[in-house]
Amino acid sequence: MRPHGKKIRLLASTVVSALLTLPLTALATAPASAATVSHPFPSHTTYKTGVLPSASQAARDAAVQKQYDSWKANYLVHGCASNEYYVSTKGDGDATNNGPVSEGQGYGMNIVPLMAGYDTNAQSEFNGLWQLVKDHKDQWGLMEWQLDGKTCTYYSSGTPDAATDGDLDIGYGLVLADAQWGGYTADAKAWLAGIYAHDVAPDGHLKCEDDGPNTDTRPSDHMLDHLRAFAAYDTAHDWNKVITRTEAVINEFTAKYSSSAGLLSDFVVNADTTSPQPAPANYQESQPDNIVGYNSIRVPWHLGTDALLYGGATALATAKKEEACAKQESGGNPQKVYPHTKLDCTPYVTNDQAEEAGDAIGPAAMAAGDQAWTDTIWNYLATNPFGDGYYGETIKMLVYLVMAGDYWSPAATGSTGGGGCTAGQLLGDQGFENGANNAPWNTGSTLGFNPITSATGAEPAHSGSWIAWFNGNSTADTDTATQTVTIPAGCTATLSYWLHTDTTENTSTAKPDTFKVQLLGNGGTVLTTLAAYSNLDHNTGYTQHTVDVSGYAGQTVTVKFTGTETDTSGGTTDFVIDDTALTTK
C-alpha cells in the first residue's frame, strides 16, 4: 500500500529532479485583493497555557517574516495553469518533478492566510492554491494526494485518492481564509462535509485516507485544534464526536504502549475498538510503521498547538510527556531528536537526522511550560543543520508561527489583530426531535427507560413533539442525558434550557427528588454544577433557565442533565426539559 505524507527520508546527497516550473519571482502575480484583512500579521495571540520564547515579540515576528520570505521564494510556485499555485516538494522528492502532495498544499493554505497583511498578495496566492485543489479532485471530491510537478496529473499508482492530513489542512485553510477575508463559507462547509463523509470512520476516528479501511488511523492526522475549529464553524456535522474519539484513541493507545513517553506510532490499527495498537512494521511504509517515524514526529507540534490554543486536557497531558521524552532522548539538543524513536523513548536509529524532528517539539515544550527547552528550540529554528528541503522548512514555517505567538484560531481568537468569536449554537438536536434514536444525546436510566420520549397531554413539549422526561415513575430511579461539545476559545457562551417540574410529593421542606445540570470534563469528572432543582421547585408550564459557561471556553465539555428520585416520601416528581441551547458569541 502506498504511503501518504512523508516517505522514507532521502539523504542530502540524493539527486532530485530539477524544478520544472518557473520560480514565483519570475512570474507576474495577480493584483492584491481589496478585501479587508481581519487578522493582519502579526496577530498576537494569548495562549491558554504554557510559555512563549524569551525573545521579544518584535524579534519573534521578524523571525517569522524571514522564514516566510525564504519559504515562499523556494516552495510557493505557480501550478500547471496560470491561475494555480502549489507548494513544491523540492528537496524531498515526494512527487515527480518536485510536484505537490495534498499534505503540502494544505500547509500552504494554512501559512498564506496567517501571513496576510505582511504579504499583500496573500489572497491571490491562497486563491491559486485553492484553485489547484479544485482542479485535481478524486472521486470523492477531495484532493488527489500526489501530482506531477510538470503536468499536475495524478502521479501515484491506482485510482486517485486523498490523504486525510491534506484534507484536514485544506479545510482548515478555507476556514482561516473565511475568517481572514470572508467569502469562503460555501467552499469551506462543502469541503468539511466531504471530510466528514469520507475521512471519518463510523465510530468517529479519523481514517488514513478517504478510500481506506475504517479500522486504521494515523496519529499525525490528529489535529485537534483543527477539529475544534470545525466544531464551532460547521454545526451541521458532529465534529465533537470526532474530537472525543480522537482523544480516546490517543489515551487508549498511550496507556498501553507508551504510558511514560506518550508516543504514538506512525500508523495505528484497531482504531475502531477500545484497544488500538501499533500497525505492523511495514504496514503502509517501511520506516517501520510501528514506532515514531517521519509521520508521528508531527504529533507534538499538533498536540502542543491544541493545548496552547484551547487548553485541551488530552493534548496537554500527552504533549508534556512527548516533550520530556524528546529532551531526555536528545540530551537537550534539538539536533539529536531522532526521526525514528521507539515507543519506550529510545532511538531506533541515530544515523538519520532531520531538522523537523527537533522543530516539532517546540509547541509541546511551550505548552508544558519548559522555558529553557522552549528557548533552545526557538534558537534552533533559525538553523537548518541537515539541509532539509520542503518538508522540514514547511513544518518549520508553521512551528515558527505557533512559537512566535502569531497563530490565531479562526473559530475564536484572543488575537489583538481583530476578529473575535464565531457566533454559533453548539448542541445538536436541541429539542430532542430526532426522537428515540437519541443521537447526538446519550441517555441512561436505572429503570431502563429512555428519557427522550414523545410528549403527552400530561407532559407537553415546549415546542415540537419530543421531550426529555426524567423520573416520575413512583419508584427509585436515576435518569441522565448528556452531550459533548467544544466551546471555542475566546467566546462568551451560555447554556439555556426550558424546564417544567411537577410533583405529587407532599412536603414543603424535604427534597427526595432532585435534578442537576452539570458540566463534565475528560473521564467524566464534574467540572461544575450549574444548577440544582428539587420537587420544591415545581411550577406551572415551562420556565427558561440560562447560565453563563464562558469560563469553559477552549475546553471540550459534556453537558449533563441528571434526574434522581429516591421514592422515600410517597410521592413522585417529573422533571421535563426541552429546547436546549449552548450559544456562543
Side-chain angles (χ1 to χ4, degrees), residues 1-9 89 92 94 101-107 110 145 162-172 195 199-201 205-210 212 216-227 242-243 245-247 249-250 253-254 257-258 261-269 271 276 278-279 283-307 312 314-315 318-319 321-323 325-326 337-341 343 348 354 356-364 390-392 394-396 398-399 402:
M1 185 176 295
R2 60 95 177 97
H4 286 278
K6 184 68 176 180
K7 318 308 175 297
I8 302 171
R9 185 172 182 268
T89 56
D92 283 294
D94 285 0
V101 290
S102 61
E103 151 212 288
Q105 201 72 1
Y107 291 156
N110 284 199
W145 83 278
T164 299
D165 58 349
D167 297 341
L168 292 169
D169 270 324
I170 290 167
Y172 192 70
I195 296 175
D199 289 339
V200 176
H205 81 263
L206 292 165
K207 298 160 55 179
C208 298
E209 55 270 324
D210 60 356
D216 304 352
T217 194
R218 184 169 63 159
S220 57
D221 300 347
H222 294 178
M223 307 171 199
L224 287 165
D225 70 302
H226 289 20
L227 298 176
V242 186
I243 294 167
R245 186 59 200 143
T246 299
E247 291 179 328
V249 170
I250 293 169
F253 182 96
T254 55
Y257 297 103
S258 190
L263 301 178
L264 293 109
S265 56
D266 267 13
F267 291 90
V268 170
V269 296
Y283 188 66
Q284 283 211 29
E285 304 182 15
S286 54
Q287 297 193 46
D289 292 338
N290 59 349
I291 62 170
V292 174
Y294 276 98
N295 289 292
S296 279
I297 58 171
R298 295 176 284 186
V299 171
W301 157 37
H302 291 316
L303 296 189
T305 300
D306 180 60
T314 292
T318 309
K321 292 179 179 180
E322 292 203 345
E323 67 89 22
C325 160
V337 177
Y338 297 107
H340 295 98
T341 297
L343 297 181
Y348 176 74
E356 59 265 25
D359 293 346
I361 302 300
Y390 140 76
Y391 191 63
T394 304
I395 289 176
K396 175 193 286 185
L398 285 156
V399 170
V402 176

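Between the CD atom in E323 and the OG1 atom in T318 there is a gap of 12.0 Å [rounded to 0.5 Å]. Atom-to-atom distance recorded for I395:CD1 and E103:CD is 7.0 Å, nearest 0.5 angstrom. How far CD1 of I291 is from CG of L263: 10.0 Å, rounded to the nearest 0.5 Å. Here CZ of F267 is found 7.0 Å from OG of S220. Values are rounded to the nearest 0.5 Å. Here the CG atom belonging to L398 is positioned 12.5 Å from the CD atom belonging to E356, to the nearest 0.5 angstrom. The distance from the CG atom of D289 to the CG atom of D216 is 10.5 Å, given to the nearest 0.5 Å.
Within the 3.5 Å criterion, the main-chain N or O of T217 finds no donor-acceptor partner in the side chain of D221. A donor-acceptor contact shorter than 3.5 Å links the side chain of T164 to the backbone of C208. At distances below 3.5 Å, at least one donor-acceptor pair connects side-chain atoms of D92 with backbone N or O atoms of Y390. The main-chain N or O of Y294 is found under 3.5 Å from a side-chain atom of Q287 such that the two form a donor-acceptor pair. Counting only distance, with no hydrogens or angles, the side chain of T394 and the backbone of Y391 share no donor-acceptor pair below 3.5 Å. Side chain of H205 to main chain of V242: no donor-acceptor pair is present (N/O by atom type, distance under 3.5 Å, no hydrogens or angles).
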Exercise. Go through the steps for Y172 and D225 under the test side-chain contact (heavy atoms from CB on, under 4.5 Å), then give the verdict.
Key: CA-CA 9 Å; Y172 192 70; D225 70 302; 3.7 Å; yes
Exercise. Show your working on side-chain contact (heavy atoms from CB on, under 4.5 Å) between L224 and I250 and close with a plain yes or no.
Key: CA-CA 11 Å; L224 287 165; I250 293 169; 4.3 Å; yes
Exercise. Applying side-chain contact (heavy atoms from CB on, under 4.5 Å), run through L343 and F253 and close with a yes or a no.
Key: CA-CA 11 Å; L343 297 181; F253 182 96; 3.9 Å; yes
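When all heavy atoms of D199 and E209 are compared, the pair lying nearest together is OD1-C, 3.8 Å. Of all heavy-atom pairs between P278 and S265, the closest is CA-OG, 3.6 Å. For the residue pair V101 and T89, the shortest heavy atom distance occurs at CG2-CG2, 4.0 Å. Nearest heavy-atom pair across I297 and P339 is CG2-O, 3.6 Å. When all heavy atoms are compared, the tightest approach of P363 to V399 is CD-CG1, 3.9 Å.
Listed by chain and residue number, M223, R298 satisfy the side chain to side chain contact (heavy atoms under 4.5 Å, CB included) test with H302 (two or more places apart in sequence, or in another chain). With sequence neighbours excluded, the residues satisfying side chain to side chain contact (heavy atoms under 4.5 Å, CB included) with S296 are P219, D266, V292, V299. Residues forming a side chain to side chain contact (heavy atoms under 4.5 Å, CB included) with K321 (at least two apart in sequence, or on another chain): none.
Here the side chains of V249 and H222 are in contact, with some heavy-atom distance below 4.5 Å. Residues I170 and I195 are not in side-chain contact: their nearest non-hydrogen atoms beyond the backbone lie 4.5 Å or more apart. Taking the side chain as every heavy atom from C-beta outward, I361 and E322 never approach each other to under 4.5 Å. Contact of the V269 side chain with the P276 side chain is not registered, since no non-hydrogen atoms from C-beta on lie closer than 4.5 Å. With a 4.5 Å cut-off on side-chain heavy atoms, L264 and S258 do not count as touching.
A side-chain donor-acceptor contact under 3.5 Å links E285 and N295.
Among D169, D306, T305, the one residue that satisfies the side-chain hydrogen bond (donor to acceptor under 3.5 Å, both in side chains) test with H226 is D169.
Residues D165 and R218 are paired through a salt bridge, judged by an N-O separation under 4.0 Å between the basic side chain and the carboxylate.
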